[in-house]
There are 2 protein chains.
Amino acid sequence: MSEDREITIYDIAKHLGISAATVSRGLKNNTMISKSTRKKIADAAKELGYQSNTFASSLRSKNTHTLGVLVPRLNSHFMSSVLAGMEKAASKQGYNLIIAQSLEDADREVVNASTMFNKRVDGLLISLSANTENLNHLDSFFKRKIPVVFFDRVHPHADTTSIIIDNYGAAYKVTSHLIQQGCKRLMHLGGNLLRDVYRQRLEGFQQALKDHHLPFIEELHIISTLSEDAGTDAARYILDLPVSKRPDGVFCANDTVAVHCMIGLKAAGLRIPEDIAFAGFNNDPISKVVEPNLTTVDYSGEVVGTTAVSNLISHLKGISDLYMTNQITLRSELIVRASSAKMRTDI
Amino acid sequence: MSEDREITIYDIAKHLGISAATVSRGLKNNTMISKSTRKKIADAAKELGYQSNTFASSLRSKNTHTLGVLVPRLNSHFMSSVLAGMEKAASKQGYNLIIAQSLEDADREVVNASTMFNKRVDGLLISLSANTENLNHLDSFFKRKIPVVFFDRVHPHADTTSIIIDNYGAAYKVTSHLIQQGCKRLMHLGGNLLRDVYRQRLEGFQQALKDHHLPFIEELHIISTLSEDAGTDAARYILDLPVSKRPDGVFCANDTVAVHCMIGLKAAGLRIPEDIAFAGFNNDPISKVVEPNLTTVDYSGEVVGTTAVSNLISHLKGISDLYMTNQITLRSELIVRASSAKMRTDI
DNA sequence: TTGTATGCGTTATCAC
DNA sequence: GTGATAACGCATACAA
């Protein structure tokens, strides 16, 4: 009974004895069309089971109401919060998300960017892979003035907006806090320095040391992927150090590496924070579960996501200024928990 | 200098003095076209900065190489693993993902399904919202024979494949394990029974009780959203019970609720597993962090994702059988950890 | 191996 | 308010 042919506005037009143009307008609630015909059109559409064809529309109207999202990995707590925020904000405004991950591989990022362009996304949201070195793969976007918004793993570029937090300041604050708790030999478990986020966390750490006249000890600076295994490895590294060379406080660039380092040390009988204090970054759910609870930096992935999308869409709609805002710095907050409440050792 | 007009196959054709049809074929490496012209076309494309327009192509060829993904929430550890797996499998086969979340709201799910259809996704991957009651919103897909694959939160339907694990069996095993550890008053912290996953976990729990001649105690059956707060609430509920009425073992439908219930009880001085043993579900990262580590059921979200996508795509490509496989049950495994290693109380 | 002609479903433009 | 028509960029049936 049901033809396999697609039902089009022409079918509705024929059904009602009006033109396809009118149907097209009516379906979009164009006020030019009389209220009564609009109603007739809507009814006929429902009756015939009409479902608009988005890309026929896109082809003609030149916009897709689709945003491309390019992330290093989908499956981290932070990133999935960001995506949740993005999806929420986008769908509220009638936009869809097409999502791809680079898996920290710059080549894959290049391919994905090209796919996004071919799908003619109205805008691109991107957090760079660990080893992306330039933005050549985004040139098509820049040339065609398709707005690009960076978030988290950003890269300075004139024509874009970046959504970030003050990584430097937060790291400075965390480190100063550890120092105030009595730490004198501080360690840093950091991420890839090619990415600003991790570089700035390192720099904030270093500056805090300097301001408090403490040394930056190369031996106590480890760069890793910040994974669970990296945390376990770091614990082993610490345990292998002569006791006198061990750190008495560790600032980690994320919570995962912090927690699994703590677990490794605890298993070896070290006390936290008495022997070694800890602080992480992200306020991941595990930070509230590990014992002692992990001091960390809280900032909302969801807000990062909604902010990025809102900014992009308002730019698309021409609501924003002529030029895009260049940088949006979101709030972050130091959350002090037991892992850094070091007992005073000088009594 | 750069026109704002899009560069099309016609531009390439003109540039080379050949027909657009040849260009179209050449770009897709059609072997009909001589190797030399193919090379010329590729070169010209690069030179002119050509970028194919996916939906002009889709309009004509009637497939989009895009899969729709509809999930209750993006930001859970399990779901983001699933999505990561899906994206990996899809991109490997040249497909893209367009992702939306229902936020556990059936109405939003209806809207999203319609959007997906309007975007003419080649297939749909869906995990149902907590309160979805029927599949009417998927009728357009069924009618047009657009393949739909359910995963996790599934719903039986003739024309679809479901990717699941044996929730009943896993729950039965977990519960039996708790009983073997000496638990006699078992509690269940479950999810919405409208969803098979949670219903089956309950049923496996109940059957294990029955088989071991233990009672199912209504008072010790709580249904919740399985959130952190739900865990905290459950702890309070348990603490408010007269000591003699408290459970000596708890089986939770996910790890989040388990862990936060444990934390609440520990804060009140209860010992785990001595006073109350615990088991969860999902093998979430927190299960390896909480003390004692949480006994749980492990199954890979990533495998769920890749399986769902592979199955869908092989169906699209006509590689699979004439009819879709109806149900695929993936492996799950009981992971015994300290939270259920109850001391024997009968010595 | 290549070219011609047409249509996919919609919207923009211009006319009435 | 509504209609006729062209155009969006590409792929395909058919012809050569």
Side-chain angles (χ1 to χ4, degrees), chain A residues 3-42 44-45 48-66 115 117-122 140 144, chain B residues 3-42 44-45 48-66 115 117-122 140 144:
Chain A
E3 316 249 352
D4 204 28
R5 217 177 45 78
E6 193 153 308
I7 288 147
T8 73
I9 53 173
Y10 279 92
D11 297 317
I12 300 181
K14 197 174 298 176
H15 184 79
L16 295 176
I18 60 180
S19 83
T22 303
V23 174
S24 173
R25 295 182 185 114
L27 285 171
K28 292 163 61 190
N29 254 304
N30 190 320
T31 49
M32 271 197 234
I33 305 299
S34 79
K35 207 133 197 332
S36 69
T37 27
R38 265 188 279 165
K39 171 116 180 67
K40 267 188 260 174
I41 292 169
L48 300 180
Y50 169 79
Q51 304 245 202
S52 77
N53 184 320
T54 310
F55 42 78
S57 162
S58 295
L59 179 59
R60 189 63 241 249
S61 67
K62 301 221 169 281
N63 50 41
T64 56
H65 280 255
T66 299
T115 309
F117 187 90
N118 290 351
K119 297 243 171 191
R120 298 295 189 275
V121 295
D122 287 346
S140 336
R144 299 297 299 264
Chain B
E3 315 248 352
D4 204 29
R5 216 176 45 78
E6 194 155 305
I7 289 147
T8 73
I9 53 173
Y10 282 92
D11 297 317
I12 300 180
K14 196 174 298 175
H15 184 78
L16 295 175
I18 60 179
S19 82
T22 304
V23 175
S24 172
R25 295 183 184 114
L27 286 171
K28 291 162 62 188
N29 253 304
N30 189 320
T31 50
M32 273 197 235
I33 305 298
S34 79
K35 206 138 196 333
S36 69
T37 30
R38 265 189 277 165
K39 169 119 182 65
K40 268 188 259 175
I41 291 170
L48 300 180
Y50 169 80
Q51 303 247 200
S52 76
N53 184 320
T54 310
F55 42 78
S57 161
S58 296
L59 180 59
R60 186 61 237 254
S61 68
K62 303 227 169 276
N63 51 39
T64 56
H65 280 253
T66 299
T115 308
F117 186 90
N118 291 349
K119 297 243 171 191
R120 298 296 189 272
V121 294
D122 288 345
S140 337
R144 300 297 298 266

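The figures that follow rest on heavy atoms only: side chains count, while hydrogens, waters and symmetry mates do not.
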Of all heavy-atom pairs linking Leu27(A) and Ala45(A), the shortest is CD2-CB, 4.1 Å

Nearest heavy-atom contact between Ile33(B) and Thr22(B) is CD1-CG2, 3.9 Å

CG of Leu48(B) to OH of Tyr50(B), rounded to nearest 0.5 Å, is 11.0 Å

Residue pair Ser36(B)/Ala56(B) against DNA chain C: nearer the 5' end by closest nucleotide is Ser36(B)

Subject >> Distance below 4.0 Å between Thr22(A) side-chain N/O and dT2(D) OP1 or OP2 >> reply: no

Nearest heavy-atom approach of Ser58(B) to Asn63(B) is OG-O, 3.3 Å

Taken to the nearest whole Å, CG/Leu27(B) to C1'/dT12(D) is 15 Å

At under 4.0 Å, does any side-chain N or O of Thr37(A) touch on OP1 or OP2 of dT2(D)?
yes

Here the gap from Arg60(B) atom CZ to Leu59(A) atom CG, rounded to the nearest 0.5 Å, amounts to 12.5 Å

Rounded to whole Å, the NZ-C1' distance (Lys62(B) to dA13(D)) equals 16 Å

Separation of dA7(D) atom P from Asn53(B) atom CG, nearest Å, is 18 Å

Value for NZ (Lys119(A)) from NE2 (His65(B)), rounded to nearest 0.5 Å, stands at 8.5 Å

Between Ile9(A) and Ser24(A) the two heavy atoms that sit nearest each other are CD1-CB, 4.2 Å

Using a 4.0 Å heavy-atom cut-off, does Ser34(A) contact any base of the nucleic acid, only the sugar-phosphate backbone, or nothing at all? sugar-phosphate

Practice task
For the pair Thr54(B) and Thr66(B), evaluate side chain to side chain contact (heavy atoms under 4.5 Å, CB included) and give the outcome as yes or no after the intermediate values.
Solution key: CA-CA 10 Å; Thr54(B) 310; Thr66(B) 299; over 6 Å; no

Rounded to whole Å, CZ of Arg60(B) lies from C1' of dC10(D) at a distance of 8 Å

*asked:* Side-chain N or O of Ser24(B) versus OP1/OP2 of dA11(D): is the shortest distance under 4.0 Å?
replied: yes

ask   = Reckon Ser52(B) touches a base, only the sugar-phosphate, or nothing at all at heavy-atom distances under 4.0 Å?
value = sugar-phosphate

By nearest-heavy-atom nucleotide on DNA chain D, the more 5' of Ala20(B) and Arg25(A) is Arg25(A)

Of all heavy-atom pairs linking Ala44(A) and His15(A), the shortest is CB-CD2, 3.9 Å

When rounded to whole Å, the CG to P distance for the pair Asn30(B) and dC10(D) reads 16 Å

Taken to the nearest whole Å, CZ/Phe55(B) to P/dC8(D) is 13 Å

Separation of dA11(D) atom C1' from Met32(B) atom CE, nearest Å, is 11 Å

To the nearest angstrom, the CD1-C1' distance between Ile18(A) and dA4(D) comes to 14 Å

The bend of the helix from dT1(C)-dA16(D) to dC16(C)-dG1(D), taken between the axes of its five terminal pairs at each end and rounded to 10°, is 30°

Checking dA4(D), dC10(D), dA11(D) against the side chain of Ala21(A) (C-beta onward), the nearest is dA4(D)

Scanning both residues in full, the closest heavy-atom pair of Asn53(A) with Glu6(A) reads ND2-OE2, 3.0 Å

With a 4.0 Å cut-off (strictly under) to non-hydrogen atoms of chain B, the first and last hit nts on DNA chain C, 5' to 3', are dT1(C) to dG9(C)

